Number of protein chains: 2
Amino acid sequence: MKDKVLIRMRNWIAESGLVKGERLPPERALCETLGVSRAELRKANLVLEAEGVLERHVGRGTFLSKAPRPVNGHDAIERTISALAESTGPVEAMQARLALEPELAKLTALHGTPMQLRKMRQLASAMRAAPSWGAYEVLDSEFHEAIAAASGNSLLLALHKILNGVRLTVVWRRLNTSDGGPEASYHSFDEHDAILNALEQRDGAAAEAAMQAHLKSTLSMMGAASSPL
Amino acid sequence: MKDKVLIRMRNWIAESGLVKGERLPPERALCETLGVSRAELRKANLVLEAEGVLERHVGRGTFLSKAPRPVNGHDAIERTISALAESTGPVEAMQARLALEPELAKLTALHGTPMQLRKMRQLASAMRAAPSWGAYEVLDSEFHEAIAAASGNSLLLALHKILNGVRLTVVWRRLNTSDGGPEASYHSFDEHDAILNALEQRDGAAAEAAMQAHLKSTLSMMGAASSPL
DNA sequence: GGACGTAATATGGTCAACCAAATCAAAAAT
DNA sequence: ATTTTTGATTTGGTTGACCATATTACGTCC
């Protein structure tokens, strides 16, 4: 893809240890290092030059012109969430959760610490007493994120944060947060408990199945058809 | 000098009266209007595209962007990749793939179009002939992204792009790209074929299993212990 | 040994030819 | 008469060859 080289060039710069004013390797060398054609590298560098990141001089070389902007991971993730929420509907978000969260639950059954499991229990309890749907959704979001956090994989946690953020954004759009919260018989309560029971039993398959059942139940409550198998 | 074409292109756009989403004249016509070479015009348009001002599509033309959001999202994803790659090791990236990519393969068996499957076949073939590990990794990345793209869920595709971007970044750190490429007996080749066979048979469970086997195989090649079940 | 001039080499820049994707028009099939 | 297929054309994308600028190496002179 055409943006791939640009991404890789950004990363190369970030990891190069070069300081402002220092000279990059020649294009002909760097394009081999990156495994791209020189023309593709030049395109990426053209964009970076336009952004003020690089300065390029014929016969002299390419130089880092300014300190690269520090990459703030939290900001980047927030922006990513905002952008994705613009092109994601509630059902699609739900289906994406169905792909990822059972896998997370499976890993959490293996990797979750007692402290992390206790926190999930507290969140599940708090959800039963949620005074509004708004409060419920926040707690639910935290519950699911706590599961992801206990998966033992920071990259999966980050991916889940994005997924969770998109989902929460999409949900907030149509939620009347001043409504009274869920009834005591709300289906998710028992489903959360089933997930937690499996996690506490360290039963990965049961945790995965419980999470699947929970998300499918929620998906069907949304009036969405099940996947046409 | 080199910024003159960019400035002239900006002015041309401002004075064109074109509305968001409208199509610009073809490059070959517009470069004559501006009195510059097509290559020079293309450089200017590359920068404007990176800024989100223009959208360029092969065979269709160049358009004034409807909204800057897509590039904002793209930029945010790039930054997210950069940030996450700083805190992710190769094994962790691999394990995250193991959580997500079999699920994607399962969905792709259901949703993938014949054209998308053909593209994967082409990529798998190209990988067998990769002249270097660097080229192989790029093709492999594209292969796995093609699978994610065929899953039918744009949010999962975005998550996979992040995962794939992190993975590629992490891999590049330790890859000697000038090495000769993989041998004909490299294990991933047959594993890719097994995945594709399952996808073409529309067998979701087989696709999921084949992807799991492929990723586990790669993970074990990395010298990592399997998950301690 | 140092200064100067020239040639060779290195580095980024440009371009015409060709490639890849999409659209349109004409021919063939139903 | 309508639909589908095929070929031609249009449009943006890529690449190797060559160009323009800067640096380095070498030879000559003092």
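The model shown is predicted, which means the values in this text are computed figures rather than measured ones. Chain letters run A, B, ... following the sequence lines, proteins first, then strands; residues in each count from 1.
The bend of the helix from C:dG1-D:dC30 to C:dT30-D:dA1, defined by the angle between the axes of its first five and last five pairs, stands at 20° to the nearest 10°.
Applying the side chain to side chain donor-acceptor pair (under 3.5 Å) criterion to B:N197, with sequence neighbours excluded, gives B:R121. Under the side chain to side chain donor-acceptor pair (under 3.5 Å) criterion, B:S188 pairs with no residue at all, not counting sequence neighbours. Residues forming a ring pair (Phe, Tyr, Trp, His ring centres under 6.0 Å) with B:F189 (at least two apart in sequence, or on another chain): B:Y186. Residues meeting the side chain to side chain contact (heavy atoms under 4.5 Å, CB included) test with B:E32, sequence neighbours left out: none. For B:A198, the side chain to side chain contact (heavy atoms under 4.5 Å, CB included) partners at least two apart in sequence or on another chain are B:A206, B:A207. Partners of B:R23 according to the salt bridge (Lys or Arg N to Asp or Glu O under 4.0 Å) rule, which considers only residues two or more places apart in sequence or in another chain, do not exist here. Residues meeting the side chain to side chain donor-acceptor pair (under 3.5 Å) test with B:D190, sequence neighbours left out: B:R128.
Distances shorter than 4.0 Å separate none of the side-chain N or O atoms of A:R42 from OP1 or OP2 on D:dT15. Between B:S37 and C:dC15 there is a side-chain N or O to OP1 or OP2 distance below 4.0 Å. Between A:R56 and C:dG13 there is a side-chain polar atom (N or O) within less than 4.0 angstrom of OP1 or OP2. Put simply, A:K43 has a side-chain N or O that comes within less than 4.0 Å of OP1 or OP2 on D:dT14. Distances shown here put a side-chain N or O of A:T62 below 4.0 Å from the OP1 or OP2 atom of C:dG12.
As rounded to whole Å, 16 Å separates atom C1' of C:dA20 from atom CZ of B:R118. Rounded to a whole Å, the CD atom of B:E27 is 13 Å from the C1' atom of C:dA20. Rounded to whole Å, the distance from CD on B:E32 to P on D:dT11 is 12 Å. Between A:L41 atom CG and D:dG16 atom P there is a gap of 14 Å when expressed in whole angstrom units. Going from atom CG of B:L54 over to atom C1' of D:dG13 covers 15 Å, rounded to whole Å. If you measure from atom CG of A:L46 to atom C1' of C:dC15, you get 16 Å, rounded to the nearest angstrom. Here the P atom of nucleotide C:dA22 and the CD atom of B:E55 are 15 Å apart, to the nearest Å. Rounded to whole Å, the distance from CG on A:L48 to P on C:dG12 is 14 Å.
The pair B:E49-A:K43 does not meet the salt-bridge criterion, since no charged nitrogen lies less than 4.0 angstrom from a carboxylate oxygen.
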Protein and nucleotides 6-8 of chain D: nitrogen or oxygen contacts under 3.5 angstrom:
none

Contact pattern, 5' to 3', of nucleotides 19-26 of chain D - B, S or - by protein heavy atom under 4.0 Å: -BBSS---

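With B:E40 contributing its side chain and B:S37 its backbone, the two residues share no donor-acceptor pair below 3.5 Å.
The salt bridge (Lys or Arg N to Asp or Glu O under 4.0 Å) pairs that include a residue from residues 209-220 of chain B number zero, where partners must be two or more places apart or lie in different chains. Annotation: side chain to side chain donor-acceptor pair (under 3.5 Å) contacts involving residues 152-161 of chain B, sequence neighbours excluded, comprise A:E92-B:S154, B:E101-B:H160.
When the shell of 6.0 Å around CD of A:E22 is examined, it contains more than 12 heavy atoms from other residues, nucleotides or ligands.
Judged by closest nucleotide on DNA chain D, B:G61 is the one of A:R38 and B:G61 placed further toward the 5' end.
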